[in-house]
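Remember, it's a predicted structure, so these values are computed and weren't measured experimentally. The sequence lines fix the lettering, A, B, ..., with proteins before strands; numbering per chain opens at 1.
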Amino acid sequence: MNWADDDDPYEGAASLSQRAMAGAMQARAAPYLEKLNPQQRQAVETLDGPVLMLAGAGTGKTSALTARIAHLIHTGRARPNEVLAVTFTNKAAREMKERVGRHLGGAIEGMPWLGTFHSVCVKLLRRHAELVGLKSNFTILDTDDQIRLLKQLIVAANMDEKRWPARQLAGLIDGWKNKALTPEKVSGRETAAFDNRGSELYAAYQARLKTLNAVDFGDLLLHMVTIFQTQPDVLAQYQRWFRYILVDEYQDTNVAQYLWLRLLAQGHKNICCVGDDDQSIYGWRGAEVGNILKFEKDFPGAAVIRLEQNYRSTEHILSAASGLITANEGRLGKELWTEAEGGEKVRLIGHWDGEEEARWIGEEVEAIQRGTRGNPPISLNSQAILVRASHQMRAFEDRFLTIGLPYRVIGGPRFYERLEIRDAMAYFRLVTSPDDDLAFERIINTPKRGLGDKAQQRIQVAARENGLSLLDGARMLVAEGALSGKAAGQLRLFVENVARWHEEVVQASPATAVTRAEDDELLIEPAEDGVAPANDLSHVRLAERILEESGYVEMWQNDKTPEAPGRLENLKELVKALEQFDNLQGFLEHVALIMDNDKAETEEKVSIMTLHAAKGLEFPVVFLPGWEDGLFPSQRSMDESGLKGLEEERRLAYVGITRAEELCTISFAGNRRVYGQWQSQMPSRFIDELPPAHIDVLTPPGLYGGGMNGGGFGGSSAMEDRVSRADVYNSPGWRRLQNAQSRGVSQPREARHMVIDAKGESDYEIGDRVFHKKFGYGEVMGSEGDKLVVEFDKAGEKRLLSSFVVPAADADDVPF
DNA sequence: ACGCGATATATTTTT
DNA sequence: TATATCGCGT
């Protein structure tokens with residue numbers, strides 16, 4: 001269907017004249033237009049119809065996006081609440097809100113429909129929950145709840161939960177939800193998943209969620225897609241309402257998000273998607289680069305606007321990144337350029353092993369900080385180390401601790417994912433909704449109340465037989481005096497406490513039930529996300545008392561482990577966060593989606609983070625360690641996704657380099673300990689792909705200079721005998737690079753053998769003899785998912801990734 | 001009910 | 001190597 005041919009009742013004369021008027025006033029009344037380059041300006045002013053904004057790294061994407069929103073509002077094209085703008089992270093949403101506000105002189109009310117996909121969907125789903133069999137006060141389960149629930153279902157289905165782990169099922173279900181597949185729609189070879197019972201368990205899981213009046217993250221989108229697909233009147237209402245739609249990081253959208261957007265955009269067809277196919281690095285969690293690649297097909301008549309002027313990096317850095325990414329196929333294609341001339345080339349250096357790499361980088365960071373490298377001093381805050389996998393961080397943390405270099409790890413476990421926070425949240429959940437069985441299960445014996453498996457089973461039985469919630473089941477057992485001794489008293493106390501707290505919650509917030517308003521009212525008057533300042537802080541005191549009286553705080557006070565004090569700190573922080581909300585209920589409704597803990601740190605520190613976490617950030621100085629084949633590109637990526645995986649790894653490398661503003665240093669180590677075993681490493685194939693004209697190869701410390709000839713290297717550990725130190729510098733990649741460097745020419749990359757082909761199928765056949773460094777020799781019996789089933793002569797049957805074995809004939813090549 | 005030793009297992013992460 | 005989970009013994 002061609003959208004451009006549809007007639008559109010909402011594109012009438014009024015808006016035309018409005019547009020003319022707006023055009024007249026722009027010149028003097030729109031300060032947000034002034035600093036834009038011509039392409040950005042085009043992206044801001046092309047308001048009608050679909051627009052794809054291809055925004056390369058550092059090209060001022062957010063400026064253009066926020067100016068566009070400001071422009072829509074400023075020119076009267078739409079009121080703030082008629083603009084739907086979605087991002088992936090709360091951070092991005094927050095930043096966008098701020099900047100739109102700034103463009104418009106801060107004079108606008110908040111935009112209710114600017115938020116993450118998930119937070120917008122929650123808002124919508126609360127209004128239409130009954131259409132998918134939920135109540136509007138449904139709870140949002142976190143991953144932990146999800147896993148526990150699935151585990152129960154797996155056990156109930158008489159499956160061996162060891163062989164069929166809940167985690168794996170959770171992954172499958174998430175994947176299906178990302179593809180907008182409801183249980184009935186799971187088809188084809190997917191049906192074979194999880195011992196042929198995947199879709200069956202998926203259906204059971206969805207049914208269970210419904211009875212719990214709960215959803216998981218994936219459901220938020222899936223349910224809304226279902227509603228839009230089955231309720232044309234509901235869809236039509238929103239199609240009419242959202243006059244303009246904007247999408248950030250479009251290359252990261254999954255199928256469900258894509259469908260959701262396409263359905264909504266069919267009204268006014270004013271959808272503007274911003275993204276960069278070269279920065280698509282989330283394929284493994286369901287993102288479809290295809291969405292951005294086929295945008296013009298999906299939205300006929302789309303204007304494609306390229307932002308190619310880079311304001312971030314120097315020429316060499318930009319060229320190095322551009323050169324690397326050209327190795328990918330099927331790109332939309334962009335040519336980034338910059339006015340900044342010269343600058344330092346991207347530096348490349350090899351090291352003996354991971355520890356030495358960390359040592360060298362530590363010294364570099366300090367030298368750059370002091371300015372002893374002939375540069376002006378650059379603060380630690382301006383320097384970052386970006387790694388492929390978080391376990392690589394360790395070497396740096398160890399080293400930086402010993403030399404006293406302050407560092408900060410970005411990423412890591414989120415605040416609300418921490419044990420103590422989830423426990424506390426479970427208390428609050430149970431107190432506000434006594435039917436929340438998952439919350440009950442989580443805390444009934446935390447702290448220890450002597451209510452173990454046996455007692456809990458009795459509660460389960462009592463509840464199920466009488467159709468009660470677990471809390472009511474427990475209450476019944478107490479009333480009957482069915483339990484004996486210590487357990488009875490403890491359970492009674494628990495039940496009474498919860499009842500008492502619940503009373504207080506009800507008293508504290510009498511009028512906060514969700515008001516069911518007529519559709520259009522709610523559209524016009526939605527509440528701001530949890531920023532309403534509370535004047536009565538009784539719920540905060542109640543929360544404190546819950547944690548005190550339940551014995552939960554005491555539990556951690558008595559805990560002798562080193563992390564206990566930190567946990568108590570976190571609990572305090574949690575209670576403090578409550579102040580931002582009017583009541584416990586309101587807090588719980590939002591916390592699952594919008595709570596994050598990036599508090600402003602003031603101290604000077606060098607940052608350590610994964611490449612994924614670095615997307616969207618920039619630093620004057622960037623170190624990219626660990627560029628070794630198997631580590632980066634990651635072997636697992638290539639095994640699981642073949643060429644597609646390799647290309648995503650390459651985009652990750654591209655993201656890494658383009659984070660740097662002035663100085664970018666890539667490094668690799670010849671030897672690295674992997675799972676406790678020393679392994680010799682080959683430099684990454686990406687190193688071969690860097691354009692030599694923009695690379696400066698540094699002499700490895702002590703290798704060619706310094707009068708060392710082997711003896712003093714790497715100490716005297718036994719490992720020295722096991723690994724040939726010549727490996728790295730004699731490797732094809734390294735030699736090619738040296739040669740190319742001296743001639744200033746790039747060399748074609750040698751084809752490499754990949755164990756797994758592009759379809760992700762294993763090259764091994766049943767009956768093949770293989771060798772594993774721990775299990776020894778064995779025979780391939782078959783495959784299961786992405787794993788190989790191998791019957792080892794000594795170790796028995798194992799399931800493992802094919803990358804962990806080699807053909808038996810090559811056993812000699814396995815390093816010990 | 002709980003704590004300890006055996007055992008398996010090993011990216012990337014947001015909501 | 002390091003961690004997380006599990007089953008068993010007390």
Side-chain angles (χ1 to χ4, degrees), chain A residues 86-93 115-122 140-143 146-147 151 161-163 165-167 171 174 177-178 215-221 249 252-254 256-257 280-287 354 386-395 398 410-414 416-417 445 448-456 486-487 490 590-596 609-616 626 630-641 645 648-649 651-652 655-656 672-679 774-775 787 795-796 798-801 803-804:
Chain A
V86 281
T87 64
F88 278 86
T89 64
N90 291 305
K91 195 176 159 205
T116 63
F117 276 99
H118 295 268
S119 67
V120 168
C121 279
V122 172
I140 301 164
L141 300 190
D142 62 21
T143 324
Q146 198 184 349
I147 302 270
K151 198 175 267 174
E161 51 166 334
K162 282 210 78 168
R163 203 164 133 75
R167 294 207 138 275
D174 275 347
K177 289 184 176 177
N178 285 340
V215 299
D216 62 23
F217 287 122
D219 281 337
L220 294 173
L221 268 138
E249 306 279 17
D252 289 338
T253 51
N254 61 33
Q257 288 156 339
S280 163
I281 54 174
Y282 285 110
W284 51 273
R285 67 175 198 209
L386 313 182
V387 298
R388 172 66 246 266
S390 47
H391 66 251
Q392 290 173 262
M393 294 180 181
R394 221 207 126 136
D398 284 352
I410 312 275
R414 306 255 158 279
Y416 58 83
E417 280 170 354
N445 203 28
K448 297 277 185 296
R449 297 190 172 88
L451 298 162
D453 283 348
K454 220 179 95 207
Q456 287 187 43
K486 190 184 157 211
Q490 288 286 312
H590 289 281
V591 79
L593 289 173
I594 63 164
M595 193 157 159
D596 39 28
M609 70 190 89
T610 63
L611 287 161
H612 284 92
K615 193 166 90 154
L631 182 59
F632 189 38
S634 130
Q635 189 61 50
R636 188 150 167 196
S637 256
M638 294 186 291
D639 287 353
E640 285 175 4
S641 315
E648 184 156 309
E649 295 286 307
R651 291 193 290 268
L652 204 44
V655 167
R672 197 174 285 277
R673 215 163 29 182
V674 182
Y675 306 141
Q677 302 275 336
W678 281 99
Q679 265 191 257
K774 193 159 143 210
F775 303 135
K787 304 264 178 64
K798 303 277 176 195
R799 292 156 62 249
L800 29 76
L801 289 176
S803 53
F804 289 119

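Evaluation of the side-chain contact (heavy atoms from CB on, under 4.5 Å) rule for K151(A) yields E161(A), A166(A) as partners, not counting sequence neighbours. For A395(A), the side-chain contact (heavy atoms from CB on, under 4.5 Å) partners at least two apart in sequence or on another chain are A358(A). Taking D219(A) as the reference, K177(A), Q206(A) meet the side-chain hydrogen bond (donor to acceptor under 3.5 Å, both in side chains) condition, with sequence neighbours excluded. Take S637(A) and apply the side-chain hydrogen bond (donor to acceptor under 3.5 Å, both in side chains) test, not counting sequence neighbours, and it matches E649(A). Legend: residues meeting side-chain contact (heavy atoms from CB on, under 4.5 Å) with A487(A), ordered by chain and number and at least two apart, are L451(A). R449(A) meets the side-chain hydrogen bond (donor to acceptor under 3.5 Å, both in side chains) test with Y427(A); sequence neighbours excluded. F88(A) meets the ring pair (Phe, Tyr, Trp, His ring centres under 6.0 Å) test with F117(A); sequence neighbours excluded. Evaluation of the side-chain contact (heavy atoms from CB on, under 4.5 Å) rule for N254(A) yields N178(A), A256(A), Q257(A) as partners, not counting sequence neighbours. T610(A) meets the side-chain hydrogen bond (donor to acceptor under 3.5 Å, both in side chains) test with no other residue; sequence neighbours excluded.
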Here DNA chain B, pairs taken as Watson-Crick or G-U under 3.5 Å and shown with ( ), [ ] when crossing and | when to another strand, reads ||||||||||.....
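Between the CZ atom of R167(A) and the P atom of dT9(B) there is a distance of 14 Å, rounded to whole Å. Taking atom NZ of residue K454(A) and atom P of nucleotide dA1(B), one finds them 7 Å apart after rounding to whole Å. Regarding R388(A), its CZ atom lies at a distance of 16 Å from the P atom of dA10(B), rounded to whole Å. Taking atom CD of residue E648(A) and atom P of nucleotide dT13(B), one finds them 13 Å apart after rounding to whole Å. Spacing between atom CD of Q490(A) and atom P of dA1(B) amounts to 13 Å, rounded to whole angstrom units. Going from atom CG of L652(A) over to atom C1' of dT13(B) covers 12 Å, rounded to whole Å. The CE atom of M393(A) sits 10 Å away from the C1' atom of dT12(B) (whole-angstrom rounding). If you measure from atom CZ of R636(A) to atom P of dA10(B), you get 6 Å, rounded to the nearest angstrom.
Closest to the side chain of A613(A), from the set dT13(B), dT12(B), dT15(B), is dT13(B). The side chain of H612(A) sits closest to dT13(B) out of dT11(B), dT15(B), dT13(B).
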What does the list of N/O pairs under 3.5 Å between the protein and nucleotides 2-4 of chain C look like, with a distance for each?
unit_1 : atom_1 : unit_2  : atom_2 : d
dA2(C) : OP1    : R394(A) : NH1    : 3.4

Just the table, please: protein N/O against nucleotides 6-9 of chain C N/O, every pair under 3.5 Å.
none

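Ring geometry for H118(A) against F217(A) counts as perpendicular: the plane angle is over 60°, on a 0 to 90° scale with 30° as the lower cut.
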Self-check item: Step-by-step side chain to side chain contact (heavy atoms under 4.5 Å, CB included) determination, I281(A) to L652(A)
Solution: CA-CA 6 Å; I281(A) 54 174; L652(A) 204 44; 3.7 Å; yes
Check your understanding: Hey, mind stepping through E648(A) and W284(A) against side chain to side chain contact (heavy atoms under 4.5 Å, CB included) and telling me if it holds?
Key -> CA-CA 9 Å; E648(A) 184 156 309; W284(A) 51 273; 3.1 Å; yes
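Contact check for K615(A) versus D252(A): side-chain heavy atoms found under the 4.5 Å cut-off.
Residues T143(A) and L451(A) each lie close to DNA chain B; by heavy-atom proximity, the contact nearer the 5' end of the strand is made by L451(A).
The phosphate of dT12(B) (OP1 or OP2) has no side-chain N or O of S637(A) nearer than 4.0 angstrom. Contact check, T610(A) against dT13(B): a side-chain N or O comes under 4.0 Å of OP1 or OP2. Contact annotation: N445(A) side-chain N/O to dA1(B) OP1/OP2 distance is not under 4.0 Å.
L220(A) comes within 4.0 angstrom of nothing in the nucleic acid, heavy atoms only. Backbone-only contact: G450(A) has heavy atoms under 4.0 Å from sugar-phosphate atoms and none from a base. Using a 4.0 Å heavy-atom criterion, one finds that E249(A) contacts no nucleic acid atom at all.
One C1' atom belongs to dC6(C), the other to dT11(B), and the distance between them is 25 Å to the nearest Å.
Aromatic stacking is marked for W284(A) over dT12(B), as both cut-offs hold: 5.5 Å for the centres and 30° for the planes.
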